[in-house]
Amino acid sequence: MNILWILFMLFYNWLLFTTGTSVSKRPDVVNIGAILSFNSSIGKVAKVALEAAVEDVNSNPVVLSGTKLKLAMQDSKSSGGFLGIVEALRFMENDTVAIIGPQHSVMAHVVSHIANELQVPLLSFAATDPTLNSLQFPYFVRTTQSDLFQMATVADIVRYYEWQDVIAIYVDDDHGRNGVAALGDKLADNRCKISYKAPLNPKLSREDITKTLVKVALMESRIIVLHIYATWGLEVLDAAWDMGMMGSGYVWIATDWLSTVLDTESSLPSEAMDRMQGVLTLRMHTPDSELKRKFVSGWSNLTAAKSDNGLFGLNSYGLYAYDTVMLLAQALDAFLNQRENISFSNDPSLSEFRGGNLHFDNMSIFDEGNHLLNSILQVNITGVTGQIKFTSNGNLMHPAYEVINVVGKGMRTIGYWSNSSRLSVVPPEKLNTGTPSDHLYGVIWPGQTTQKPRGWVFSSNGRQLRVGVPNLVSFRQFVFRVGNSDIFHGYCIEVFLAAVELLPYALPYKFIPFGDGHSNPIKTDLLYNITTGDFDAVVGDITITTNRTKMVDFTQPYIESGLVVVAPVRKLHSSAWAFLRPFTPMMWTVTGIFFLVVGAVVWVLERRTNDDFQGRPRKQFVTTVWFSFSTLFFTHREKVDSTLGRLVLIIWLFAVLILNSSYTASLTSILTVEQLSSPVKGIESLATSNDPIGYQNGTFIDSYLTEEYHIQKSRLVPLNSAEEYERALKDGPQKGGVSAVVDMRAYMELFLSTRCDFSIVGQEFTKMGWGFAFPRESPLAVDLSTAILKLSENGELQNIHDKWLTRKACSSEGAKQDVDRLPLKSFWGLFLLCGSACLLALLLFIIKMVRQYMRRSGQSSQSQSAPIQSFLAFVKEKEEDDNRMELEDGQSRSKRRPRKMVSNRRVRELDESVNDSDHASVCGGNVNEVHYVV
């Protein structure tokens with residue numbers, strides 16, 4: 001290959017010489033630099049990788065067309081602090097076209113300012129601080145993944161396991177602070193948060209670590225994210241082990257520093273491995289390829305030949321360091337193809353620093369630096385890490401991470417994260433649309449358990465849970481205070497205590513009364529104290545409403561209690577006209593009308609053919625009315641012969657059966673059950689009136705009635721006790737009282753248990769419940785909800801209800817409020833069916849009559865001067881008379897004899913003869929037919 005390249009170059013130069021063409025010569029050597037921490041896990045791997053990459057570029061003349069790279073590396077020391085910055089400044093005194101590094105984000109912030117001034121591109125394979133992508137540092141190019149995506153992976157893990165709060169332990173420098181800030185933003189996107197931040201001094205000691213972990217152990221959250229340098233990361237885990245924080249219940253999520261250490265240091269003590277069992281960590285994912293396999297397989301030979309630290313493993317940062325050189329070489333080739341010259345100029349602003357050991361005046365500006373930067377950002381190649389291409393915001397495309405579980409003597413990959421598919425058990429490059437996403441393999445957590453940790457415990461810092469309790473003056477069966485102490489009893493308190501007993505952990509608490517004890521406290525004000533931090537929880541008769549859920553989180557409701565209306569009632573005694581009460585007046589009227597209508601329709605349908613419906617008009621009217629009302633008892637004697645009449649009758653009899661049964665059931669209820677009557681029928685009638693309405697002071701009911709039913713606030717009267725309820729209801733609107741009281745059913749059932757003069761009227765018009773309140777996103781709300789469900793399932797919740805809220809005398813007597821009479825709307829479908837049947841039958845009857853009339857008119861030779869009167873006369877005729885006339889017309893046409901004149905007397909004689917003949921024919925006799933014509 002080298003011989004062919006030499007021959008090609010000789011031929012190319014000869015061609016230029018013979019044609020007289022002259023071109024500027026590409027530089028033989030291009031200076032690049034690297035700033036590393038040689039003794040760190042990242043630095044020592046990157047040093048070998050960079051040297052190997054430069055050798056590969058220089059040994060392949062195709063890459064830079066004969067130009068060689070000259071790499072100079074500076075050790076920034078392990079700290080990456082001031083001494084490292086000084087080394088970087090000395091390094092930049094040479095004419096360098098690009099710098100690889102620095103390794104640490106803190107140094108990258110400082111060196112980036114110098115790179116901006118000297119226009120030298122800065123390519124870092126290890127500085128992951130997300131803020132380095134800002135417009136402040138245009139010459140900084142990150143050739144590795146940003147912590148922005150690493151923190152997105154951590155946030156998705158927290159969301160996947162349904163945790164809410166995390167604790168962040170981090171180094172208090174640019175790298176740690178900005179990484180944790182990105183974590184907070186990503187957690188907020190998933191409706192999670194960092195509940196406590198534990199910064200560590202960059203110059204920390206074991207004592208500092210212990211003090212910080214003591215504070216962390218006192219927090220409620222057990223999800224700990226460790227974003228730190230590898231130098232101190234293992235020390236933090238070791239201290240956590242000594243403090244018992246690596247046991248069951250804890251979750252440790254280390255960023256990619258831990259996977260870097262484990263990939264690099266293959267000779268970690270077994271004790272160190274034992275102390276990090278169950279920890280989750282991340283690793284930058286690089287897809288499998290032939291280039292990667294070839295590089296990994298030769299890694300041992302590279303470390304043996306180029307490292308003075310012995311053999312060590314290859315980590316992801318080493319792969320990105322190798323690709324950084326390849327990327328830079330590709331960009332330089334494109335740059336030299338366009339420019340083919342590299343020039344530097346002195347910076348006049350640095351001339352005042354002439355002299356001294358730092359030689360600032362020797363630093364030169366790279367004149368074509370911006371052009372090389374553009375070439376770098378436009379590179380699109382495939383390296384050992386996969387595709388190398390930059391997005392518009394300066395990040396590498398297709399960010400991906402592996403989620404790793406430290407188990408035994410090594411690590412186990414439990415899934416992958418990518419910017420497009422989020423969590424998955426399939427590598428991103430192999431993921432297709434049919435593969436299930438948002439899934440991870442099982443994890444062995446700290447404490448050698450496979451059960452997912454709850455993620456939090458109640459704080460063990462000695463502080464009790466401050467529970468606010470309303471100091472009620474009414475309905476003390478729910479909550480009541482014992483004297484002036486902090487002891488409370490009642491239904492709500494006992495449910496809370498029973499639920500706390502079912503929690504899998506101890507919950508120290510302290511009841512704090514809220515209210516002056518003279519009037520019921522306002523429940524919304526009580527809940528507001530949770531948002532201000534005065535209370536950690538609220539226990540009592542707290543109704544769950546939409547507005548309140550915007551302030552706090554509620555548990556599962558432990559009692560269902562909607563709003564009802566209570567009003568004075570009076571007993572209804574039986575009267576002589578009690579039999580009319582089952583139906584409303586309109587119902588009686590419509591029923592009577594239908595009896596007559598059905599009778600009339602049947603009479604019309606049956607009159608022409610049925611002798612029972614014929615006769616004199618008075619007889620027909622009486623028969624029709626009798627027939628109509630006799631169907632009520634199914635005792636009608638008249639036969640119905642026609643098909644249409646039978647259709648109408650059977651549908652009507654079905655309707656009568658329904659009406660009869662409903663009437664009987666309603667009348668039985670009226671006569672056998674005590675009836676209560678009230679002018680108030682429910683919330684609708686109450687809202688449309690102008691009477692005052694009572695409600696319990698301190699509740700949400702006044703705002704609810706105002707907003708939902710548009711009841712004027714001036715009509716609402718606040719009441720504080722059951723005694724005030726009773727007094728206001730007895731006085732009524734005329735004496736300054738109220739016409740009704742609106743309150744929760746649970747209160748009203750207790751109120752009515754000993755007061756028989758009042759009753760619930762109408763239906764319960766809301767469906768609500770009571771719950772215990774906690775701060776937003778509090779895990780206690782979830783755990784207590786689970787406990788309440790267990791109480792409901794094992795029957796204990798019902799036992800507590802029966803103990804405190806057992807109803808007495810009046811509420812269990814079976815008395816009921818005056819029910820509404822059966823209205824017309826309950827039977828309109830039945831009447832519609834009957835009416836439709838009658839109309840249909842009449843329509844078909846009329847069509848039949850019209851057809852018969854038209855057929856008869858066509859057969860008759862007589863003229864019809866008044867067709868309507870003729871049709872009505874036809875309808876009134878009996879059907880057998882019509883048939884006889886048609887028969888006579890037919891006979892007269894078929895057997896007509898010659899005409900002759902006869903006298904009137906003879907006509908009468910012939911008439912009598914014809915009548916006798918007709919009579920004899922009907923009786924079956926044989927009589928000669930007589931035909932005559934007048």
Side-chain angles (χ1 to χ4, degrees), residues 30-36 42 46 49-50 53-54 57 69 71 73-74 76 88 91-92 96-150 174-175 178 284 286 316-336 338 342 365-399:
V30 175
N31 295 323
I32 62 173
I35 305 174
L36 308 173
I42 296 176
L50 291 174
V54 170
V57 171
L69 293 178
L71 174 65
M73 288 189 284
Q74 293 284 353
S76 63
F91 170 76
M92 298 181 70
T96 304
V97 298
I99 299 173
I100 298 175
Q103 177 182 325
H104 297 283
S105 297
V106 175
M107 187 189 301
H109 277 274
V110 178
V111 178
S112 291
H113 288 284
I114 303 173
N116 292 346
E117 183 68 24
L118 301 180
Q119 299 181 15
V120 177
L122 205 63
L123 291 82
S124 179
F125 60 89
T128 56
D129 180 1
T131 61
L132 287 170
N133 283 97
S134 64
L135 298 176
Q136 184 183 7
F137 308 118
Y139 282 88
F140 177 85
V141 179
R142 192 198 322 276
T143 58
T144 187
Q145 301 299 343
S146 170
D147 274 344
L148 184 69
F149 304 110
Q150 182 170 212
D174 292 333
H175 170 70
N178 295 331
M284 288 182 289
T286 53
S316 298
Y317 288 100
L319 297 175
Y320 280 101
Y322 181 88
D323 274 351
T324 300
V325 176
M326 293 300 179
L327 179 153
L328 180 57
Q330 185 75 17
L332 279 170
D333 184 61
F335 168 76
L336 293 175
Q338 296 174 357
I342 297 174
I365 297 176
F366 181 19
D367 296 331
E368 293 81 20
N370 61 329
H371 298 290
L372 178 58
L373 176 64
N374 292 332
S375 298
I376 292 172
L377 296 176
Q378 293 174 8
V379 166
N380 184 5
I381 62 173
T382 300
V384 294
T385 60
Q387 184 182 16
I388 303 174
K389 185 180 180 181
F390 293 99
T391 62
S392 58
N393 55 11
N395 289 315
L396 287 177
M397 295 188 67
H398 311 304

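Predicted model only: the values in this text are computed from it and were never measured. Because only heavy atoms are used, hydrogens play no part in the values below, and waters and symmetry mates are left out as well, while side chains stay in.
Between Ser375 and Ala331, the closest heavy-atom pair is CB-O, 3.6 Å. Scanning both residues, Ala53 and Met326, for their nearest heavy atoms gives O-CE, 4.1 Å. Between Gly101 and Leu122 the shortest heavy-atom distance is O-CG, 3.3 Å. Residue Ala126 comes nearest to Thr144 through the heavy atom pair N-CG2, 3.9 Å, listed as atom of the first residue, atom of the second, then distance. Heavy atoms only, all atoms of each residue included: Gly318 and Ala49 are closest at O-CB, 3.3 Å. Closest approach of Asn133 and Asn393 over heavy atoms only: ND2-O, 3.4 Å.
Here the straight-line distance linking atom CG of Leu36 with atom CD of Gln74 works out to 10.0 Å at 0.5 Å rounding. If you take CG on Asp129 and CZ on Arg142, they are separated by 7.0 Å, rounding to the nearest 0.5 Å. To the nearest 0.5 Å, the span separating CG on Leu50 from CG on Leu328 amounts to 10.5 Å. Once rounded to the nearest 0.5 Å, the distance linking CD of Gln150 with CE of Met284 reads 8.0 Å. Here the CD1 atom belonging to Ile376 is positioned 12.5 Å from the CD1 atom belonging to Ile388, to the nearest 0.5 angstrom. The line from CE of Met107 to OG of Ser124 is 10.0 Å long, rounded to the nearest 0.5 Å.
No side-chain heavy atom of Ile99 sits less than 4.5 Å from a side-chain heavy atom of Tyr139. Contact check for Leu373 versus Val141: side-chain heavy atoms found under the 4.5 Å cut-off. Under the 4.5 Å side-chain criterion, counting only non-hydrogen atoms from C-beta, Val325 is not in contact with Leu123. A heavy-atom distance below 4.5 Å is found between the side chains of Phe149 and Asn395. At least one side-chain heavy atom of His109 sits under 4.5 Å from a side-chain heavy atom of Thr131. No side-chain heavy atom of Val111 sits under 4.5 Å from any side-chain heavy atom of Phe140. Side-chain atoms of His398 and Gln387, non-hydrogen and from C-beta on, do get closer than 4.5 Å to each other. Residues Glu368 and Gln119 have side chains not in contact (no heavy-atom distance under 4.5 Å, counting atoms from C-beta outward).
The main-chain N or O of Leu396 is never found under 3.5 Å from a side-chain atom of Thr391 such that the two would form a donor-acceptor pair. A donor-acceptor distance shorter than 3.5 angstrom exists from the side chain of Asp323 to the backbone of Val384, with no hydrogens or angles considered. In terms of modelled atom types and a separation under 3.5 Å, the side chain of Asn178 and the main chain of Thr128 share no donor-acceptor contact.
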>> Between Phe366 and Ile342, does the side chain to side chain contact (heavy atoms under 4.5 Å, CB included) criterion hold? Intermediate values first, please.
In response: CA-CA 8 Å; Phe366 181 19; Ile342 297 174; 3.6 Å; yes
> Should Leu327 and Phe390 be marked as a side chain to side chain contact (heavy atoms under 4.5 Å, CB included) after you check the CA-CA gap, both sets of side-chain angles, and the distance that decides it?
Replying inline: CA-CA 11 Å; Leu327 179 153; Phe390 293 99; 3.6 Å; yes
> Taking it one step at a time, do Leu332 and Leu372 satisfy side chain to side chain contact (heavy atoms under 4.5 Å, CB included)?
Replying inline: CA-CA 7 Å; Leu332 279 170; Leu372 178 58; 3.7 Å; yes
